[in-house]
Protein chains: 2
Amino acid sequence: MTKLRGRRPTIDDVATEAGVSRGTVSRVLNGSHWVSETARIQVEKAIKSTGYRINPHARSLATSRTGSVGFLLTESYERFFSDPNFLHILRSCADALAEHGMTLVLIMADTLEERRRATEYLTGGHVDGALVVSAHRDGQEFMAALLEARLPVISAGIPLGFEEQVGYVTADDDGGARAILELLLARGRTRIAHIAGPQDTSGGTGRLAAFRTVLGDDFSDERVVYGDYSRESGARAMRELLAREVSFDAIFAGNDLMAAGAMDVLEEAGIQVPDDVAVVGFDDAPAACETVPQLTTVRQPFDRVSEEMVRLLVDEINGRPAGRVVIPTEIVERGTV
Amino acid sequence: MTKLRGRRPTIDDVATEAGVSRGTVSRVLNGSHWVSETARIQVEKAIKSTGYRINPHARSLATSRTGSVGFLLTESYERFFSDPNFLHILRSCADALAEHGMTLVLIMADTLEERRRATEYLTGGHVDGALVVSAHRDGQEFMAALLEARLPVISAGIPLGFEEQVGYVTADDDGGARAILELLLARGRTRIAHIAGPQDTSGGTGRLAAFRTVLGDDFSDERVVYGDYSRESGARAMRELLAREVSFDAIFAGNDLMAAGAMDVLEEAGIQVPDDVAVVGFDDAPAACETVPQLTTVRQPFDRVSEEMVRLLVDEINGRPAGRVVIPTEIVERGTV
DNA sequence: GCGCGCACTGAGAGCGCTCCTAGTCCATAC
DNA sequence: GTATGGACTAGGAGCGCTCTCAGTGCGCGC
């Protein structure tokens, strides 16, 4: 209203306009108590009339809070963008953060140079904390750097090698795998094979471990093949299994994409699903509904995972100790068992 | 070295340590002249010994520069992640920005709520400028808000409706389309059909316009069908064209994905490529190498596009007027002509 | 009528930088 | 010896917030 020629209005302008002090405006801005009704109304009016917007850097400088958190991704771009799980988590984390008035900054750290820059950025004070969604162990190599900088970090999935030092949220790999295997057994499948996920991920090792436990004496290395969670790797694994000429009447794939790949190969080979062989996956990814018949699988509730991750991170940013949360999974029966 | 118990070292700590003043440290930090060799060495030593890291918010407050730019995306998540062009641009923009010491902040603004938040964020002083990569016109609706906030903006592709007010970088749709059509004509194809891209994108309209011009009197609405750049839409368009029972001996698809979709349908229909019908695309996306035979297409040099976008944006941030750049395309001959 | 405490407000002191200006120092010119 | 100017430096004045704390005013109980 007054002599702020071209300049962006500051909190002082608002204060002057409203006839109160800076402090009062700040209190209104931050929803603090101890502000009279009349003062609040005046300030709100002044904010509107001046077109005042808070200056995030001044606030950050004063509070040493940035209001944004890094979403750190150490997968390759291609893998990230081809795996709908990542996308799902990204999206729901962004939403959950927005609920807390925080912004997600996506940070891709695939190449070495990118990782260097990412570490620099994250530990340089640009963010209040980080969500790390790197499945693979090697992606976690620089977790140490983040920890050393005392940056609050929450991991999606168990951060192999940092279980003790980093809070995390994970779906119940063990419980989910047990449940779906019990289902298979209950339906009379006795010779179950496993297409295991990468063993440098907690999902990969956890589900394999559960497989081993449930099968007990029936467990045999011959019926385990490995993939990398991609559809192609599922197909490859399936071919390998067929080539081994071990008998099996069910496939437990480490995720849905690999299950779908396996089903492609089974179809080529003229093997009927579920009549000859039952197939189950993990995740309940979109791919689970695109197979014929649709895939029976274990749902990972990514929305809840994301929500919890954000909750834990906010806790840790506020100085409360990091938690560890395991989210229960749920079996989704469709047509492949 | 001294009494900074737990506190992060500041520029003053460095100054004390180096036995110089704050001003000198700042000059060293910003690569300014007028610093003696000895002073510089002392400061660098002190920076190392104190473990000093610049505080980005203090700097931002003082300079009113943030060092980060928004990469604004108004496509749906799914479309974005399934179109490799976007991925390519994202990646090379991030690289190009890093060269300038700037960080890319990915901002997805698909839903209405997200767009509101994105506008808020972008105009709130969090970024120095924005790269807008929204192909579709409706995605540009809130360009007006950015412009009003005087935020430097550069668009990838011609920003329909804002051609005059916003700088942009685009591949040469007209030249590329003409060139590939001339190639088709030179090879004796006379009845060329066009699977046009969405008409609310500059690529879609530009390539269609070139098609119309090159064909001249031979142009016929009957030989134009529309898609949305997705593979499925290319297949759909191809089916429609077949259903129309117009004769054609070549297909010019608005992009490679649609070309691939069209080829799927042609194969189903038992039509040989290129013997019966030639097919050409646009982009030189990965999909172009996955068709059989591989696709003859027009390469869009996305690396150069990204580089130029960043260059223009940096220019505009520094107060130099926004430019408009058209990047020449190049024909890639493979096996479908 | 006085004191007390509750509700609310104002303003100074930072937060950690950069920018600017006045200044110092020293070699050279006269 | 003094003036001149180039090379370099110190430190004050912001940038626009939040936090803290000392006030102020007023109703209420005794």
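From a predicted model like this one, the values you see are computed outputs, not experimental measurements. Lettering follows sequence order; numbering is per chain, from 1.
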Inset, instruction - Provide, to the nearest angstrom, the distance between the CD1 atom belonging to A:I11 and the P atom belonging to C:dG10. - result: 12 Å
Inset, instruction - Could you check which residues of residues 38-45 of chain A get a heavy atom under 4.0 Å from DNA chain D? Sort them by number, please. - result: none
Inset, instruction - Quickly, which of A:I154, A:V153, A:D128 forms a side chain to side chain contact (heavy atoms under 4.5 Å, CB included) with A:L313? Name it, please. - result: A:I154
Inset, instruction - Find out whether B:R65 and B:I317 are in side-chain contact, i.e. whether some heavy atom of one side chain is under 4.5 Å from a heavy atom of the other. - result: yes
Inset, instruction - Whole angstrom is fine here: how far is it from NE2 in B:H57 over to C1' in D:dT18? - result: 15 Å
Inset, instruction - Report the nucleotide, chosen from C:dT18, D:dC17, D:dT9, that has the shortest atom-to-atom distance to any side-chain atom of A:Y52. - result: D:dC17
Legend entry - Heavy-atom closest pair, residues A:S306 and A:S92: OG-OG, 2.8 Å
Legend entry - Side-chain heavy-atom pair B:E17, B:S49 within 4.5 angstrom cut-off: yes
Inset, instruction - Looking at every strand, decide which applies to A:R65 at a 4.0 Å heavy-atom threshold: base, sugar-phosphate, or nothing. - result: nothing
Inset, instruction - Report the distance from atom CG of B:D12 to atom C1' of D:dT9, rounded to the nearest whole Å. - result: 15 Å
Legend entry - Flag side-chain contact, heavy atom, 4.5 Å: A:V25 against A:D12: no
Legend entry - 4.5 Å side-chain heavy-atom contact, A:F71 and A:I89: yes
Legend entry - Electrostatic pair B:E307:B:R311 at N-O distance under 4.0 angstrom: no
Legend entry - Gap between atoms CH2 and P, on A:W34 and D:dC19 respectively (whole Å): 17 Å
Inset, instruction - May I ask you to test the B:I107-B:L73 pair for a side-chain heavy-atom distance under 4.5 Å? - result: no
Which atoms of nucleotides 11-15 of chain C (N or O only) lie under 3.5 Å from a protein N or O atom, and what are those distances?
unit_1 : atom_1 : unit_2 : atom_2 : d
C:dG12 : N7     : A:R22  : NH2    : 3.3
C:dG12 : O6     : A:R22  : NH2    : 2.9
C:dA13 : N6     : A:R22  : NH2    : 3.1

Inset, instruction - With heavy atoms under 4.0 Å as the rule, sort B:N30 into base, sugar-phosphate or nothing. - result: sugar-phosphate
